[in-house]
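Please read the structure below before turning to the comments.
Along the sequence shown, the residues carry numbers beginning at 1.
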Amino acid sequence: MTDTPIRLLLADDHPVVRAGLRAVLETEPGFVVVAEAATAEAAVARATEGDIDVVLMDLRFGPGMTGAEATAAITAHPGAPRVLIVTTYDTDADTLPAIESGATGYLLKDAPPDDLAAAVRTAAAGRTTLAPTVADRLLNRMRMPDAALTRREIEVLALVADGLSNRAIAARLHLTEGTVKSHLARSYTKLGVDSRTAAVATAIDIGLIRRR
């Protein structure tokens, strides 16, 4: 056993959330909250200073970098701290980019304090902890890969849900309009629908994208 504490960085744009996380974690033996960050950019900068073991990262900040983008920037460095996503969002549109960006774990903010502490210890050890709903969804994607929407198809559907036209989606994602239509056509087939409205409704119902 080692007495070296696990050094934490709390990254969330809501001060109340950071205070709540700090209050929970500082009651746990072996944890030290070294710093807090209110923006993803600040979290990236602070995480590179060499005195952080685990970053607790939200996914949504204000304008600017997202939590997934910050995770990718942090984990790109050799010897980087582990990143544990702690968020309210559990759709595929949120979880897939975060996990692909290098997050070690993914937990929801309504997790019990004991689960949060255990997830931090697991992340510090380099192992993965996933919220049950996230784990179930990832397993379903693995079991039925042909039926699962790709990350890009989910991204396109999320923008459809935001009310963007095919042309606007193409511009946003740097794709051709024809490619956007192809992504939508494949999504319709996988979801068993025949319209944009039905595709969005079904994607929300099964947890692929968040309700707008």
Side-chain angles (χ1 to χ4, degrees), residues 1-135 137-138 151 155 210:
M1 292 287 291
T2 176
D3 294 325
T4 304
I6 298 172
R7 301 163 299 176
L8 308 176
L9 166 62
L10 310 180
D12 194 293
D13 59 341
H14 294 99
V16 171
V17 173
R18 296 197 306 273
L21 288 172
R22 178 184 282 272
V24 169
L25 295 168
E26 286 188 334
T27 65
E28 289 288 331
F31 290 163
V32 175
V33 177
V34 174
E36 298 182 12
T39 67
E41 289 84 355
V44 173
R46 186 63 183 81
T48 61
E49 293 185 19
D51 61 345
I52 303 294
D53 299 308
V54 179
V55 181
L56 282 76
M57 178 76 71
D58 193 12
L59 281 184
R60 301 287 174 181
F61 291 82
M65 184 179 279
T66 67
E69 291 167 341
T71 298
I74 290 169
T75 57
H77 294 281
R82 307 292 183 177
V83 179
L84 174 64
I85 302 297
V86 182
T87 188
T88 57
Y89 308 114
D90 66 349
T91 68
D92 286 18
D94 298 300
T95 59
L96 293 178
I99 292 170
E100 290 174 2
S101 295
T104 300
Y106 198 110
L107 209 62
L108 300 182
K109 287 180 179 175
D110 61 1
D114 287 349
D115 288 0
L116 176 63
V120 170
R121 295 186 199 284
T122 300
R127 300 191 304 273
T128 300
T129 296
L130 297 175
T133 55
V134 174
R137 204 165 284 135
L138 289 174
R151 178 178 169 183
E155 197 172 14
R210 281 183 284 116

side-chain contact (heavy atoms from CB on, under 4.5 Å) for Thr122 and Leu84? Distances and angles first, verdict last. CA-CA 10 Å; Thr122 300; Leu84 174 64; over 6 Å; no
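Distance check: Asp90 CG to Arg210 CZ gives 10.0 Å after rounding to the nearest 0.5 Å. Atom OG1 in Thr71 sits 13.5 Å away from atom CZ in Arg82 (nearest 0.5 Å). For the atom pair CG of Leu130 and OG1 of Thr95, the computed distance is 9.0 Å after rounding to the nearest 0.5 Å. Interatomic distance, CG of Leu8 versus CD of Glu26, reported as 9.0 Å (0.5 Å rounding). Taking CZ from Arg18 and CG from Leu10, the interatomic distance works out to 8.0 Å, rounded to the nearest 0.5 Å. Here the straight-line distance linking atom CG of Asp53 with atom CZ of Arg7 works out to 4.0 Å at 0.5 Å rounding.
Taking both residues in full, the closest heavy atoms of Ala124 and Ile6 are given as CB-CD1, 3.8 Å, listed atom of the first, atom of the second, then distance. Residue Glu28 comes nearest to Ala117 through the heavy atom pair CD-CB, 3.6 Å, listed as atom of the first residue, atom of the second, then distance. Considering all non-hydrogen atoms of both residues, Thr66 and Ala40 come closest at O-CB, 3.8 Å. Residues Ala131 and Leu107 come closest through the heavy atom pair CB-CA, 4.3 Å. What you find for Val32 and Pro5 is that their closest heavy atoms are CG2-CB, 3.6 Å. When all heavy atoms of Glu100 and Arg151 are compared, the closest pair comes out as OE1-NH1, 2.7 Å.
Side-chain contact check for Ile99 versus Leu138: some heavy-atom pair is nearer than 4.5 Å. The side-chain heavy atoms of Met57 and Ile74, taken from C-beta on, include a pair separated by under 4.5 Å. The shortest side-chain heavy-atom distance between Glu49 and Val34 does not fall under the 4.5 Å cut-off. Using a 4.5 Å cut-off on side-chain heavy atoms (C-beta onward), Thr88 and Arg60 make no contact. With contacts defined as side-chain heavy-atom distances shorter than 4.5 Å, the pair Leu25/Leu56 qualifies. Within the 4.5 Å cutoff, no side-chain heavy atoms of Val54 are placed close to those of Phe31. Residues Lys109 and Asp58 have side chains in contact (heavy-atom distance under 4.5 Å, counting atoms from C-beta outward).
Open room surrounds NE2 on His14; 12 or fewer heavy atoms of other groups in view lie less than 6.0 Å from it.
Looking at Thr75, its side chain does come within 3.5 Å of a backbone N or O of Ser101 through a donor-acceptor pair. Side-chain atoms of Thr104 do not come within 3.5 Å of backbone N or O of Ala123 as any donor-acceptor pair.
Each of Val134, Asp94, Leu108 was checked for a side chain to side chain contact (heavy atoms under 4.5 Å, CB included) with Tyr89, and the lone residue meeting it is Asp94.
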